[in-house]
Amino acid sequence: MRHEKEYIMKLSVMFTNHLVFQADKEIRVFGESTETVTVTFAGNTVSAEPENGAFLCTFPAMKYGGPYTLTATDGTDTVTLTDIYVGEVLLCAGQSNMQFTIADGQLPDEQFCADDGLRMFLTERPETNSCPAPAMQWVCASPENLRGWSELGWMLGTEARKAGIPYVGIVVCAQGASNIQTWIDETKLKGSALDFPDEMLHIDAFQAQYHWNIPGLLYHTMFEKLCPF
């Protein structure tokens, strides 16, 4: 019975309608559950037993194609995603230059056209009210949402489309005024070449408005959510 479960099965935040998987790489579908999870995608079905409340289903690599439907179930709860493609996925990570949106720039409006083959996933930042575009969901390029896209991410995606790539997914994982230490797992940082004493760190590491500059914080709150996609 549903009320007897510790929590409802759920896919990781990367899995929403309109997502793009990377071509020619194994496809990984993952999330949380306390029961065996069965995932069906593009005619293939894979089951996985959860370990410590997490599951991972791996599918063989595929060529460009779609649209596909993905269904995941644990026998009680079922999630169905539609309009999925296999194409090229570009990770756009960094600081303010990658965070900089089309709305912040001066590109003419006539450049902003609908393109179903170009899609973006914006990773939510710890900054308050910081995401002008829909965050934590895949969206197709349209005049209504493009102003909230990373301008560099959009430019990369449009160049890839012009080069003939049929489906392009842009994953934006950026936070302005961030230091490299916050993007690294703090357990791996200690004792490394980037484990600097406080006197060698930039002032951003100590200013309250840049509260995300704590070793490992953005790694855990942003980048880790994308793994092992």
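For this chain, numbers begin at 1 and follow the sequence in order. What you see is a predicted model; the values in this text were computed from it and never measured.
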Discussion item. Same cluster or not: Leu90 versus Leu152, using hydrophobic residues (I, L, V, M, F, W, Y) connected whenever any side-chain heavy atoms lie under 4.5 Å apart?
Written reply: no
Worksheet item: Where do Gln181 and Leu201 come nearest, in terms of heavy atoms and distance?
Response: NE2-CD2, 4.1 Å
Worksheet entry | Separation between CG of Asn17 and OG1 of Thr82, rounded to the nearest 0.5 Å | 4.0 Å
Worksheet item: Under 3.5 Å, side chain of Thr182 to main-chain N/O of Asn179, donor-acceptor pair present?
Response: no
Worksheet entry | CD on Glu224 to OG1 on Thr123, rounded to 0.5 Å | 13.0 Å
Item to complete: Please report the shortest heavy-atom distance between Asp198 and Phe206, naming the atom on each side.
Response: O-CZ, 3.6 Å
Worksheet item: How long is the gap from CG on Asp83 to CG on Asp116, to the nearest 0.5 Å?
Response: 5.5 Å
Fill in: Donor-acceptor side-chain pairing of Tyr219 and Glu186 below 3.5 angstrom
no
Fill in: Val89 with Met136, same ILVMFWY side-chain cluster at under 4.5 Å
yes
Worksheet item: Do you reckon Ile203 sits in the same ILVMFWY cluster as Leu217, going by side-chain contacts under 4.5 Å, direct or chained?
Response: no
Worksheet entry | Side-chain donor-acceptor contact under 3.5 Å, Ser192 with Asp195 | no
Item to complete: On the 0 to 90° scale, with breaks at 30° and 60°, tag the Phe121-Trp138 ring pair as parallel, tilted or perpendicular.
Response: tilted
Worksheet item: Any luck finding a side-chain donor-acceptor pair between Thr58 and Glu26 under 3.5 Å?
Response: no
Worksheet item: Distance from Ile84 atom CD1 to Arg119 atom CZ, nearest 0.5 Å?
Response: 9.5 Å
Worksheet item: Under 3.5 Å, is there a donor-acceptor pair linking the side chains of Gln95 and Gln175?
Response: no
Worksheet item: Should the ring pair Tyr68 and Phe41 be called parallel, tilted or perpendicular, given that the plane angle runs from 0 to 90° and is split at 30 and 60?
Response: perpendicular
Worksheet item: Is the number of heavy atoms from other residues, nucleotides or ligands within 6.0 Å of CE (Met98) greater than 12?
Response: yes
Fill in: Verdict with supporting geometry, Phe229 and Phe30, ring-ring contact (aromatic ring centres under 6.0 Å, His included)
CA-CA 8 Å; Phe229 186 78; Phe30 52 97; 7.0 Å; no
Worksheet item: How long is the gap from CE on Met14 to CD on Gln137, to the nearest 0.5 Å?
Response: 12.5 Å
Practice prompt. Please round to the nearest 0.5 Å and tell me the distance separating atom NZ of Lys10 and atom OG of Ser33.
Written response: 11.5 Å
Fill in: Atom CD of Glu199 with >12 non-hydrogen neighbours under 6.0 angstrom
yes
Worksheet item: Are Ile27 and Leu81 connected, step by step, through hydrophobic side chains (Ile, Leu, Val, Met, Phe, Trp, Tyr) whose heavy atoms are closer than 4.5 Å?
Response: yes
Response to the item:
Heavy-atom closest pair (Glu88 atom, Val20 atom, distance to 0.1 Å) is O-CG1, 4.3 Å
Item to complete: Check whether the side chains of Thr40 and Thr45 place a donor and an acceptor atom closer than 3.5 Å, and report yes or no.
Response: yes
Practice prompt. Search all heavy atoms of Ala114 against all heavy atoms of Pro143 and return the closest pair with its distance.
Written response: N-CD, 3.7 Å
Discussion item. Taking CD in Glu51 as the centre, count heavy atoms belonging to other residues, nucleotides or ligands within less than 6.0 Å. Is the count above 12?
Written reply: no
Worksheet item: Where the side chain of Glu32 meets the backbone of Met9, is there a donor-acceptor pair that is under 3.5 Å apart?
Response: no
Worksheet item: Looking only at side chains, do Trp183 and Ser178 share a donor and an acceptor under 3.5 Å apart?
Response: yes
